[in-house]
2 protein chains.
Amino acid sequence: MRPMTAARTSSPADRSQLGLRERKKIKTREAIRTATYALIKEQGYDATTIDQIAERAEVSPSTVFRYFPTKEDIVLTDEYDPILLEELRSRPADEPWTDSIRYVMREAVRTGVEEDAEVARLRTHLMVQVPAVRSRMMQSMSVTGRMLCTAIAERTGSDPDSLEVRVYAMSLIGGLMETSLYWAENDHRDDFASLVDRTLTVLARGLPHENR
Amino acid sequence: MRPMTAARTSSPADRSQLGLRERKKIKTREAIRTATYALIKEQGYDATTIDQIAERAEVSPSTVFRYFPTKEDIVLTDEYDPILLEELRSRPADEPWTDSIRYVMREAVRTGVEEDAEVARLRTHLMVQVPAVRSRMMQSMSVTGRMLCTAIAERTGSDPDSLEVRVYAMSLIGGLMETSLYWAENDHRDDFASLVDRTLTVLARGLPHENR
DNA sequence: CCATGAAATGAGAGTAGCTCTCAAAATGTA
DNA sequence: TACATTTTGAGAGCTACTCTCATTTCATGG
């Protein structure tokens, strides 16, 4: 999951371990991202072309596509899923697993937003503004959903491919997606962690105070 | 909502009422859709170009884009939302609204699949196979989600823009989306209405038989 | 330190979705 | 039949994205 978090650049400690080649690749990746963010802030998403990004990052357009499959991915890509899965597995086995999910989600959100609040805001903002970005986000969320399925199945001893587990996971994803949009639409005024908390409560107990 | 239903072509009775112009427009629209479905069945989605579609439908490529904003829309577009909203409003006020939703969803699904089972299958199949189609579907589902927000808010007297209502609606949408995918991935062997029933149960009561 | 192999990059051509403009054709109306 | 409006076609143009191939950059063993 990566509701709207910053890039998880490998820590500087690791980087000096790597060969010149690897380090250069990381630098290029960052250069492209940085250039993209800057250009989008200046001109908006649609007005920013790959050629412009390439020029500012001082690479060729070909290279941009070598690093990122699509324009949306430059803004969004990150790999939080394995970390999330790891954390979910490391929760005590006797903890009710809905609590585990709540804990892990809150944790993921916290580190994500804290790491680079500005990028988090830009990303959610683009999710609201640019349909292509929103779509790409949903797509990556659904990958996270499949991962959640395996985690939930492990924990509950059920089949990860069963309709029930899949529906549960995707409803969770859908809810969290909407939470991100809500946050951005309200100009990031709310505390995102609290919003996530409320979301998980709704998902667990349904809408409050109504004739259900 | 339109989980994977057929085109709602206006009934023939209405059509003769319209002028030549309107009738021709409807015919063109249908020709483009028919051509697209046929070509996709022959060659697959990606291999089918707009030019081919235009040629088979005997219109110019420009006209194709005049009728459908994107290629995905040729496969997916329909407007069931108003009907869904209408049906939801016509449910008795004292019925628990979760029951109303269950009833309306089941009804929508039933008419949708019955209307043209083959198209329903093709659509869900494409949702699984083609990321662009899936994305477009999710996008249109989220529109349905907003509509659901107003309906739920009407019924429960809550704010349609509140986080809780929005999260609830989108988790519903996410769950139903996954149901469609599940149906297609299992080669449409299951009875779709039953799947929807199970989905709504999960959403209402969570996963069964587990340590929650 | 250099030669050899591998990996990364750049240049460029090509495809297809999609937009926009403008003139021609089809249709409704007086 | 003549005029006004709507619909269509033709075509130019933009951009994301793919693929190929030559060139450059780095790693490594002698």
Side-chain angles (χ1 to χ4, degrees), chain A residues 15-33 35-36 39-40 42-77 126 129-137 139, chain B residues 15-33 35-36 39-40 42-77 126 129-137 139:
Chain A
R15 294 172 74 161
S16 48
Q17 312 268 23
L18 303 168
L20 217 173
R21 219 158 223 169
E22 296 302 317
R23 267 180 287 167
K24 207 170 182 182
K25 272 165 82 169
I26 293 173
K27 264 179 63 182
T28 307
R29 211 179 160 78
E30 283 176 358
I32 294 173
R33 266 236 183 75
T36 305
L39 284 166
I40 288 179
E42 293 170 17
Q43 320 172 333
Y45 182 86
D46 288 326
T48 301
T49 72
I50 299 289
D51 286 344
Q52 290 175 337
I53 293 170
E55 193 181 349
R56 182 161 309 194
E58 294 180 302
V59 293
S60 76
S62 320
T63 301
V64 174
F65 284 113
R66 231 173 241 121
Y67 279 80
F68 300 94
T70 72
K71 189 174 157 187
E72 300 95 73
D73 279 286
I74 308 178
V75 180
L76 289 178
T77 299
L126 287 176
Q129 296 292 322
V130 185
V133 172
R134 189 168 50 245
S135 288
R136 186 65 192 77
M137 187 65 190
Q139 192 177 331
Chain B
R15 295 173 73 163
S16 49
Q17 311 270 20
L18 302 167
L20 219 174
R21 222 157 221 169
E22 297 302 317
R23 269 181 284 169
K24 207 169 182 185
K25 271 166 84 169
I26 293 173
K27 266 178 61 182
T28 306
R29 209 180 161 79
E30 282 176 0
I32 294 173
R33 266 234 184 76
T36 306
L39 285 166
I40 287 179
E42 293 170 18
Q43 321 173 333
Y45 182 86
D46 288 328
T48 302
T49 71
I50 299 288
D51 286 344
Q52 290 175 336
I53 293 170
E55 194 181 347
R56 183 161 306 194
E58 295 180 300
V59 293
S60 74
S62 321
T63 301
V64 175
F65 284 114
R66 228 173 244 123
Y67 280 79
F68 300 94
T70 73
K71 188 175 159 187
E72 301 95 71
D73 280 287
I74 307 178
V75 179
L76 289 179
T77 299
L126 287 175
Q129 296 292 321
V130 185
V133 173
R134 188 167 51 245
S135 288
R136 186 64 191 78
M137 187 64 190
Q139 193 177 330

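Chain letters run A, B, ... following the sequence lines, proteins first, then strands; residues in each count from 1. The figures here come from the full heavy-atom set of this structure, side chains too, leaving out hydrogens, waters and symmetry mates. Nothing here was measured: the structure is a model prediction, and the numbers come from that model.
Atom P of nucleotide D/dT8 and atom CZ of B/Phe68 are separated by 12 Å, given to the nearest angstrom. To the nearest angstrom, P of C/dT15 lies 12 Å from CG of B/Asp51. Put simply, NZ on B/Lys27 is 15 Å from C1' on D/dT8, counting in whole angstrom units. Going from atom CZ of B/Arg136 over to atom P of C/dC18 covers 11 Å, rounded to whole Å. Distance, A/Arg66 CZ to D/dT25 C1': 13 Å, rounded to whole Å. Going from atom CD1 of B/Ile74 over to atom C1' of C/dA16 covers 13 Å, rounded to whole Å. The distance from atom CD of B/Glu55 to atom P of D/dG9 is 13 Å, rounded to the nearest whole Å. Atom CD of A/Glu58 is separated from atom P of C/dT9 by 14 Å (rounded to the nearest Å).
Under the 4.5 Å side-chain criterion, counting only non-hydrogen atoms from C-beta, B/Tyr45 is in contact with B/Val75. Residues A/Thr63 and A/Ser60 meet the side-chain proximity criterion, which asks for heavy atoms closer than 4.5 Å.
Remark: B/Ser62 is not in phosphate contact with D/dT8, judged by side-chain N or O atoms under 4.0 Å from OP1 or OP2. Here A/Ser60 does not reach the OP1 or OP2 of C/dA11: none of its side-chain N or O atoms lies under 4.0 Å away. OP1 or OP2 of C/dT9 sits under 4.0 Å from a side-chain N or O of A/Tyr67. The phosphate of D/dC26 (OP1 or OP2) has a side-chain N or O of A/Lys24 nearer than 4.0 angstrom.
Side-chain proximity of B/Thr70 to C/dT9, D/dA27, C/dC18: nearest is C/dC18. Out of C/dT9, D/dG9, D/dA16, the shortest distance to the side chain of A/Thr28 is found at C/dT9. Relative to the side chain of B/Lys25, the nucleotides C/dT19, D/dA27, D/dT7 differ in distance, and D/dT7 lies closest. The side chain of A/Phe65 has D/dC17 as its nearest neighbour among D/dT7, C/dG17, D/dC17.
Evaluated for a salt bridge (Lys or Arg N to Asp or Glu O under 4.0 Å) with A/Asp73, the options A/Arg136, A/Arg33, A/Arg29 yield exactly one hit, A/Arg136.
When all heavy atoms are compared, the tightest approach of B/Gln129 to B/Pro131 is O-CD, 3.4 Å. The shortest non-hydrogen separation linking A/Ala132 to A/Glu72 is O-CG, 3.6 Å.
In the interface, the side chain of B/Arg21 is not paired with the base of D/dT7 through any donor and acceptor atom under 3.5 Å apart.
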